[in-house]
Amino acid sequence: MPAEPSPAPTSAADAGAGRTDRQVELRRRVLDELVDLFLREGFAGFTLQDLARRLRCSKSTLYLVATSKEQLVAAVVRRFFQRATQAVEARVAAGPDAGADPAARLATYLRAVASELQNAGPAFFADVAAHPPARDIYETNTRHAARRVQQLVVEGVRAGRMRDLDAAFVGAAVEQVMTAIHRGDIAASTGLGDADAYRELARLVSAALAPGR
């Protein structure tokens, strides 16, 4: 999950220029409903008409989100990562050791990522992997997450709460594992889903960086 906002909107429909407050709120609600639907069932098999039927809205309401299915999928996947990022960072900030223990914050961060990904079913991940714009958004968020891990490692080493390892290397290594999780390589070789793989990554990184080893 990114430490900074997801990529900028790619269309006027995605940006929301010139909308009333009511339209902006309706768009947000529709986006969130679409996120929940896509996480459960994926998105490849849906047409815009199917989606309008499932949400019990008109196609014109969907056009508040995007003017084509391709743009709509990108907007929904981006919204998923925006929501997930907010939830992950809230958990990190609310942790009992949030201000004092960078190692605990790192473990909390990775576990929170796993928790957010747990909400997504196999169909969602398969459809993201097969959809280039959605895949690009996932990969961008993976890179942002790796930089967030690197930041937390730097803080932990400086505070003396982690082993003095090269933070850039740790961040790069974590990014490679995250990328392998996203590509499905980890699932293929271990049988672990994305969320479970992130939990194992949290355990591995925490153990490797624990001081006194």
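This is a predicted model, so every value here is computed, not measured.
- Between E33 and R29 there is a salt bridge, with a side-chain nitrogen of the basic residue lying less than 4.0 Å from a carboxylate oxygen of the acidic one.
- Taking all atoms of both residues into account, the shortest heavy-atom contact from A75 to V65 is CB-CG1, 4.0 Å.
- Judged by distance alone, the side chain of K59 and the main-chain N or O of L51 form no donor-acceptor pair under 3.5 Å.
- Here the shortest heavy-atom pairing between Y198 and A114 reads CB-CB, 3.7 Å.
- Closest non-hydrogen pair, A202 versus A107, comes out as CB-O, 4.3 Å.
- For A134 against V77, the heavy-atom pair with the smallest separation is CB-CG2, 3.9 Å.
- Rounded to the nearest 0.5 Å, atoms CE (M162) and OG (S206) are 7.5 Å apart.
- Residues V170 and D166 are not in side-chain contact: their nearest non-hydrogen atoms beyond the backbone lie 4.5 Å or more apart.
- Judged by distance alone, the side chain of T61 and the main-chain N or O of C57 form no donor-acceptor pair under 3.5 Å.
- Screening residues 47-56 for salt bridge (charged side-chain N to carboxylate O under 4.0 Å, His left out), with sequence neighbours left out, gives E41-R54, D50-R53.
- L55 contributes atom CG, which lies 6.5 Å from atom CG of L62 (distance to the nearest 0.5 angstrom).
- At a threshold of 4.5 Å between non-hydrogen side-chain atoms, the residues K69 and T47 do not count as touching.
- Under the 4.5 Å side-chain heavy-atom criterion for Ile, Leu, Val, Met, Phe, Trp and Tyr, L204 and V177 are members of distinct hydrophobic clusters.
- At a threshold of 4.5 Å between non-hydrogen side-chain atoms, the residues L201 and M178 count as touching.
- Not less than 6.0 angstrom separates the ring centroid of F124 from the ring centroid of F38.
- The shortest side-chain heavy-atom distance between L72 and L34 falls under the 4.5 Å cut-off.
- Residue R203 places its CZ atom among 12 or fewer non-hydrogen atoms of other residues, nucleotides or ligands, all under 6.0 Å distant.
- Distance check, rounded to the nearest 0.5 Å: NE2 of H144 to CD of E139 gives 12.0 Å.
- Across all their heavy atoms, L165 and A208 have their closest contact at CD1-O, 4.2 Å.
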Begin from the C-alpha positions of R143 and T140 and carry the test side-chain hydrogen bond (donor to acceptor under 3.5 Å, both in side chains) through to its verdict.
CA-CA 5 Å; R143 290 192 294 270; T140 296; 3.1 Å; yes
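- Between V205 and L106 there is a side-chain heavy-atom pair separated by less than 4.5 Å.
- Scored by the side-chain hydrogen bond (donor to acceptor under 3.5 Å, both in side chains) test, R199 finds Q118, D196 as partners (sequence neighbours excluded).
- Side-chain N or O atoms of R27 include one that pairs as donor or acceptor with a backbone N or O of L64 at under 3.5 Å.
- For the residue pair T67 / Q71, a side-chain donor-acceptor distance below 3.5 Å is found, with atom types taken as modelled.
- Taken from OG1 in T190 to CG in D185, the straight-line distance is 10.0 Å, to the nearest 0.5 Å.
- Tested against F80, the residues D36, L39, V128, T85 include a single side chain to side chain contact (heavy atoms under 4.5 Å, CB included) partner, L39.
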Can you list the steps and then say if R158 with E155 is a salt bridge (charged side-chain N to carboxylate O under 4.0 Å, His left out)?
CA-CA 5 Å; R158 287 176 178 171; E155 293 173 4; over 6 Å; no
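- In this structure, Y63 OH and S58 OG are separated by 9.5 Å, a value rounded to the nearest 0.5 Å.
- Under the rule for a side chain to side chain contact (heavy atoms under 4.5 Å, CB included), A187 has no partner lying at least two apart in sequence or in another chain.
- Put simply, the side chain of D127 gets close to the backbone of A44: a donor and an acceptor are under 3.5 Å apart.
- Between F43 and H131, the distance separating the two ring centers is shorter than 6.0 angstrom.
- Atoms CG and CG, on L37 and D32 in that order, are 12.5 Å from each other to the nearest 0.5 Å.
- Taking all atoms of both residues into account, the shortest heavy-atom contact from I137 to A74 is CD1-O, 3.4 Å.
- Here the side chains of F125 and D194 are in contact, with some heavy-atom distance below 4.5 Å.
- There is a path of hydrophobic side-chain contacts, each under 4.5 Å, that joins F46 to L48.
- Side-chain atoms of T108 come within 3.5 Å of backbone atoms of A104 as a donor-acceptor pair (strictly under, hydrogens ignored).
- Side-chain contact annotation: Q151 with R148, donor-acceptor N/O pair under 3.5 Å present.
- Between the side chain of E116 and the backbone N or O of V113 there is no donor-acceptor pair closer than 3.5 Å.
- Judged by distance alone, the side chain of R79 and the main-chain N or O of L31 form no donor-acceptor pair under 3.5 Å.
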